[in-house]
Amino acid sequence: MSKDVSESVVHLLPRLYVAAGLTIGQGAPLTDDQAHYLRHVLRRDDGSLLRVFHPQNGEFLAKLAHQGKKSAQCVPQSLLRSAIPVTQRRHLLFSPLKKDKMDILVEKAVELGVTDLHPVVFQRSIVREIKTERITAQITESAEQCERLDMPVLHPLADLRSKMQQWSKDIPIYAAVERGDYPHLCVAVSTSQGKDCAYLVGPEGGVTTEETALLLNIKSVRPVSLGQRILRAETAALYGLSLLDGLLGLGKP
Ligand code: SAM
């Protein structure tokens, strides 16, 4: 730990993802948004301390160096946490939702350990497009806030059929299917310890009979129930992800 900050308060320092990569003693550029946030929102001067991370390099205590009015860089001073390779990928396949619900879904999915977000258009999806830039910013912000060291991946939007055609047969998909006689997710996941896995949730209007048949025909798909109550799509996503996070016993990657 640097002599500039005590261990008990290091978690109070701003924490930013730096895409350029990080090496002790070498300045790394911050984005204009990050520079603005540090200078004008948090009012941090040159030399202020912050935490910066990159999935391949780890997390560092760094000093801020403003460059002109709009730009800034960080200079890593000491390593706080070494990079940890992600040993289990956890995929979420979900229908795009309306604005607020989508915001909550993305933020919480990242907090709950999803490594791969797959927006999927179902027959009954009401929202049929995604705002890639907005979602990417939310993923980054949520990863910064929840102290992950990795950065979840946003996959391109695809319809259910093509997503299933491209899917690796080695990655089981726990597909939440409402109104069926399927084992509860808690029972079904017991075989996935330590392995990559996926969780699929349908749109607000539910999965059609045709889509259910498509899913049931795929070997890697395990249909699951979430219990007697019919949950809203975002509740079903977050409930299932919470169960997975607990049952798979990994906590945050
Ligand atoms: N409109 C549908 C209906 O009334 O049957 C409900 C769809 S639900 C709002 C959205 C998605 O959440 C479903 O497609 C399913 O993936 C998941 N879901 C909600 N409740 C569930 C349950 N009890 N069991 C399994 N999946 C559920």
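In this text the structure is predicted, and so the values were computed from the model without any measurement. All ligand and atom numbering here is 1-based and tracks the order in the structure.
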Looking at Q34 and Y17, would you say the former's side chain and the latter's main chain have a donor-acceptor pair under 3.5 Å?
yes
Go through Q123 and T208 one step at a time and tell me if the side-chain hydrogen bond (donor to acceptor under 3.5 Å, both in side chains) criterion holds.
CA-CA 7 Å; Q123 287 172 343; T208 63; 2.5 Å; yes
R134: what forms a side chain to side chain contact (heavy atoms under 4.5 Å, CB included) with it, not counting sequence neighbours?
K99, D103, K131, Q138
Donor + acceptor pair across side chains of S162, D159 (<3.5 Å):
yes
Does R81 make a cation-pi contact with F53 (under 6.0 Å, within 45 degrees of the axis)?
no
Expected output: side-chain R51 to main-chain L13 donor-acceptor under 3.5 Å:
yes
Who's touching ligand 1 if we go heavy atoms under 4.0 Å?
A176, V177, E178, R179, V201, G202, P203, E204, G205, G206, V207, V224, S225, L226, G227, R229, I230, L231, R232, A233, A236
